[in-house]
A.B. asks: 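To start, I am sharing the structure in question, which I have written as structure tokens.
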Amino acid sequence: MESRNSAQLFERAVRVIPGGVNSPVRAFAPVGGRPRFISSAKGSILTDEDGNSYIDYIGSWGPMILGHNDERVVAAVKAQIDRGLSFGAVTAPEVDMAELITGMVPCVEMVRMVNSGTEAVMSAIRAARGFTGKNRIIKFEGCYHGHADALLVKAGSGLMTAGTPGSAGVPEGCVRDTLTAAYNDIDSVQALFEENRDEIACVIVEPVAANMGVVTPEGGFLEALRQICDDNGALLIFDEVITGFRMGIDGAAGYYGITPDLVTYGKIIGGGMPVGAYGGRKDVMECVAPVGKVYQAGTLSGNPVAMRAGITQLEILKNNPQIYVELAAKGERLRNGMRDIIERRSLPYCVTGIASLSCLYFTQGPVADYQAAGRSDTEKFADYFRFMIDRGNYLGPSQFEAIFVSAAHTDAQIDKTLSDMDDYFAG
Ligand SMILES: *Cc1c(COP(=O)(O)O)cnc(C)c1O
């Protein structure tokens with residue numbers, strides 16, 4: 001029998017998997033130490049191969065909004081599995097899913113299922129370029145849109161110039177048409193439109209930026225993006241891979257009352273299975289093959305088992321809108337508790353967030369963009385992270401990850417976490 005505790009597993013893993021992980025965010029590189037191998041989870045609790053349990057504040061990075069291993073979702077998956085895993089032909093669950101999404105989100109008139117958020121964004125951008133006949137795109141510093149070549153543009157000094165690759169292996173040609181603006185800074189967007197007249201296909205934004213900690217849009221920012229896109233014949237894409245079905249059943253678009261042209265989904269939409277989707281205006285989506293000339297395909301796209309997991313989770317959310325009220329209250333409880341600790345102990349830190357997304361920045365606020373977030377003391381965060389995980393609180397192993405609460409978290413669990421936090425700062 002192969003050894004199975006976290007230390008032994010990690011030793012085996014690093015020999016055969018780069019860094020021992022299948023996604024870099026799982027590595028503990030930013031905080032030191034080695035990752036805990038998770039063997040099971042239920043509700044808000046993760047259990048590792050060493051028998052430790054943790055209150056989970058990552059929720060698989062978003063999907064587990066109902067908590068882990070929800071019985072209704074699991075039952076739906078098991079029922080579908082008995083009928084077969086994949087057919088490579090059309091199935092009823094795909095139609096159910098598309099009707100469900102278009103019914104929940106008014107701006108999504110048509111939708112195409114894919115297998116990840118990365119794929120959703122990559123495909124939405126291709127559709128936007130195909131529809132407008134323009135090549136350039138605008139993204140924001142600190143917003144993450146998956147690992148497609150064109151979107152791996154390093155945030156940096158080149159605000160008003162064309163991007164440079166943020167990853168080795170991305171040829172310059174792939175990011176030549178990616179322009180980068182500053183979040184919450186509409187002037188930086190205006191300047192790019194002026195310098196690239198009639199060349200911008202779309203602006204893509206995380207309506208709440210949840211990949212540089214949590215940065216909320218300032219009043220008027222999203223409205224101004226909508227206007228600037230309309231004025232210039234560009235499409236507005238909301239990347240709702242995190243915010244979709246989290247800010248409410250109609251996502252950030254509904255929450256802020258903005259109508260994007262295209263929306264991308266991932267995470268929650270699959271209920272824990274690998275699913276993504278992009279959708280929006282019918283006239284744009286009809287550019288996609290086989291109706292239109294924008295090619296996009298997927299052998300396992302709309303997989304019936306994955307669809308059943310996602311449909312079941314989305315239906316629960318749709319039929320129980322009080323979940324969102326409770327999630328927001330739990331988020332507020334956590335943020336208020338963190339603010340109280342900071343103020344009481346006069347710490348030079350700041351708390352941000354909205355609804356079930358929160359962040360404790362190890363820098364003085366306000367944090368409204370990537371540059372401000374980047375001033376965080378990541379070494380202090382690492383020390384705090386190690387204390388918190390040893391006390392049974394599983395936070396994202398990086399300053400720049402959101403803290404997620406789920407419907408399964410109790411006030412008592414949040415209070416326990418706050419109490420541990422207070423102990424940490426008591427020194
Ligand atoms: C996670 C994420 C993605 C990428 O999704 P994957 O499923 O990891 O490919 C894209 N956009 C946003 C906003 C995300 O948070």
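What you are looking at is a predicted structure, and each value in this text was computed from that prediction instead of being measured. When reading the values below, keep in mind they use all heavy atoms of this one structure, side chains included, and skip hydrogens, waters and symmetry mates. Just so you know, ligand 1 is whichever comes first in the structure, and atom 1 is the first atom listed for that ligand.
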A.B. asks: For the backbone of Leu66 and the side chain of Asp70, can you confirm whether one donor and one acceptor N or O come within less than 3.5 Å of each other?
C.D. replies: no
A.B. asks: Between Ser301 and Asn115, what is the shortest heavy-atom contact and its length?
C.D. replies: OG-ND2, 3.3 Å
A.B. asks: Should Asp50 and Arg36 count as an ion pair when the cut-off is N to O under 4.0 Å?
C.D. replies: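 No salt bridge links Asp50 with Arg36.
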A.B. asks: Let me see the working for Val175 and Asp149 under side chain to side chain contact (heavy atoms under 4.5 Å, CB included), right down to the final yes or no.
C.D. replies: CA-CA 7 Å; Val175 293; Asp149 282 347; 5.8 Å; no
A.B. asks: At a 4.0 angstrom heavy-atom cut-off, what protein residues surround ligand 1?
C.D. replies: Ser116, Gly117, Thr118, Tyr144, His145, Gly146, Glu206, Asn211, Asp239, Val241, Ile242, Lys267
A.B. asks: Should the pair Arg136-Glu195 be classified as a salt bridge under the 4.0 Å nitrogen-to-oxygen rule?
C.D. replies: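 Result for this pair is no, no salt bridge flagged.
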A.B. asks: Any ion pair linking Glu199 and Lys134 (charged N to carboxylate O, less than 4.0 Å)?
C.D. replies: no
